[in-house]
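Here the structure comes first, spelled out in C-alpha cells, and everything after it is commentary.
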Amino acid sequence: MLTDISAGARRLANNWFCRLSTVRVGAVVLVTLLLAGVVFPVAGTSPQVNTASGGGADTPDVQQAQADSNATDTDGDGLSDSLERSVYGTDPTDADTDGDGYPDGMEVRCEQALPDADPLRTDIYVEVDSTQSTTLSDPVRTSIVETFENAPVSNPDGSTGIDIHLVTDDTKLSANGTVHSKSRAGAGNDIYDFRANHSEHRADGYYYVLLTDDVAYNGDDYFVGAGRPEIAAMERFDSPKVTASLFMHEFGHAMGLDAHQDGIDEERYSQTEYDSVMNYNGLYRQLSYSNGTDSVGRNEWQFVAENRTQPDIDCVENGTCPSRCTQN
Ligand SMILES: [Ca+2]
Ligand SMILES: [Ca+2]
Ligand SMILES: [Ca+2]
Ligand SMILES: [Ca+2]
C-alpha cells in the first residue's frame with residue numbers, strides 16, 4: 001500500500017533552469033478519488049411487456065422472460081446485458097470493462113461529465129484551475145496528451161495508450177501568496193482549499209491540478225510543485241517541455257507514484273538506470289514514466305493503467321446521480 005506522502009519537485013540548481021524559473025507561472029492541484037463497486041442507475045431499462053396475443057406469437061410469459069433478459073443489468077453499470085453485448089462491446093459481467101474507474105454506463109451516457117469517454121479504452125480526467133490569467137498552453141497540453149497516448153499499455157479494444165482529458169476550468173483564482181501542499185488554516189492557503197471551493201468536476205471522478213505562482217512542499221517554497229494522491233500544484237515555466245515534464249512528475253505523485261519508492265524523487269540513479277520523469281535526473285529532461293525495462297525494473301505505466309489512485313465518483317457512491325450523469 002502506498003503511503004500518503006509525495007514529495008514535490010525541487011528547483012534545479014543549474015543555470016539554464018534558473019533562467020527558466022524566473023518566468024514561472026502557475027501551480028497545479030490534482031484530485032484523485034477511488035472508485036470501486038459502483039452501481040450506476042440509468043433510466044429506460046425497465047422491462048417492456050408485449051401484451052399482444054394469438055397469431056403464433058410467443059406467449060406473454062415467454063415474451064416477459066425475454067424482455068426481462070434484455071433489461072437485465074448483471075453488473076449494475078447502467079447498461080443492460082443485451083446493450084453491452086450487441087451495441088457497446090463491453091463486458092456485461094464487469095461494471096468497468098476497461099478498468100479506468102469510470103463505469104461502462106457513465107462512459108457511454110454521460111457526455112457532459114465525461115466528454116469523449118470510451119468504455120473500451122483507459123480515460124483519465126483532470127480538472128486544471130489556475131491563479132494566473134491563463135491555463136496550460138497548447139504545446140504543454142499536446143506534449144502531455146501525446147505522452148499518455150504513447151503509453152505502453154493495452155486496452156480492451158485492442159488499442160494501446162491512455163486518453164488523458166485536461167479540462168480547462170477556472171483561471172484568475174485568488175491565492176494568499178504561497179500555496180501549500182498540506183492543508184492549512186484559512187482560505188486559499190493550500191491546494192485542498194482550491195479543490196474544495198473550485199472543483200466543478202470532483203463528483204465526476206476528476207483529478208485536480210492547480211497552476212499557481214508559488215508552491216510550497218512541507219512548508220518550503222524552494223519547491224516548484226507538489227503532488228499528493230488525487231491532487232497536485234505546480235508552477236509553470238517558459239519552456240513547454242519543462243512545464244510538461246513537471247506536470248507529468250507531480251501528476252505521477254497524484255496517481256500514487258510515491259516518493260518512498262526506489263528512485264522516485266532521488267538522484268541516486270542515472271536517467272538510463274531509472275528511465276522516468278519521477279527520477280530527479282529525468283525530471284525536466286523527459287516526460288515519460290518507466291516501463292520496467294531499466295535497472296530499477298518498476299513498470300510505472302502498468303501501475304498507472306491498472307493500480308493508480310483514482311478519484312471517487314460521488315454521484316455513484318452516494319447512490320444518487322446528478323442530472324448530467326444520466327444525459328446522453
Ligand atoms: Ca451492465
Ligand atoms: Ca459492463
Ligand atoms: Ca471504464
Ligand atoms: Ca474509458
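First listed ligand is number 1; within each ligand, the first listed atom is number 1. Quick note: residue numbers are just sequence positions, from 1.
- Asp81 lies apart from the Ca ion (ligand 1) in this respect, since none of its N, O or S atoms is found at a distance under 3.0 Å.
- For Glu107 atom OE1 and Asp100 atom OD2, the angle they make at the Ca ion (ligand 4) is roughly 110°, to 10 degrees.
- Nearest to the Ca ion (ligand 2), among the N, O or S atoms that Asp94 has, is O.
- With the Ca ion (ligand 2) as the vertex, atom OE2 of Glu84 and atom OD2 of Asp77 span an angle of 70° (nearest 10 degrees).
- The one candidate from Asp91, Thr90, Thr97 that meets the side chain to side chain donor-acceptor pair (under 3.5 Å) condition with Thr93 is Asp91.
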| CA sep, side-chain torsions, deciding dist, call: His249, Leu257, side chain to side chain contact (heavy atoms under 4.5 Å, CB included) | CA-CA 9 Å; His249 181 95; Leu257 292 171; over 6 Å; no
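- At a threshold of 3.0 Å, the Ca ion (ligand 1) has no backbone or side-chain N, O or S atom of Gly105 nearer than that distance.
- Using a cut-off of 4.0 Å between Lys/Arg side-chain N and Asp/Glu carboxylate O, Asp262 and Arg268 are scored as salt-bridged.
- Draw a line from the Ca ion (ligand 1) to OD1 of Asp73 and another to O of Leu79, and the angle between them is 80° (to 10°).
- The distance between the ring centers of Tyr102 and Tyr125 falls below 6.0 angstrom.
- Between the Ca ion (ligand 4) and the N, O or S atoms of Asp118, the shortest distance is to O.
- Within Asp75, the N, O or S atom at minimum distance from the Ca ion (ligand 2) carries the name OD2.
- Seen from the Ca ion (ligand 4), atom O of Arg121 and atom OD2 of Asp123 lie 80° apart in angle, a value rounded to 10°.
- Its N, O or S atom nearest to the Ca ion (ligand 2) is what matters here, and for Asp91 that atom is O.
- Remark: side-chain polar atoms of Glu250 are paired, donor with acceptor, to backbone N or O of Ala9 under 3.5 angstrom.
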So Ile124 and Asp163, side chain to side chain contact (heavy atoms under 4.5 Å, CB included) or not? Walk me through it. CA-CA 6 Å; Ile124 294 177; Asp163 292 332; over 6 Å; no
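- Closest approach between the Ca ion (ligand 4) and any N/O/S atom of Asp98 involves OD2.
- Put simply, Asp104 stays out of reach of the Ca ion (ligand 1), with no N, O or S atom under 3.0 Å from it.
- Formation of a donor-acceptor pair under 3.5 Å by the Arg228 side chain with backbone atoms of Ala254 is not found in this model.
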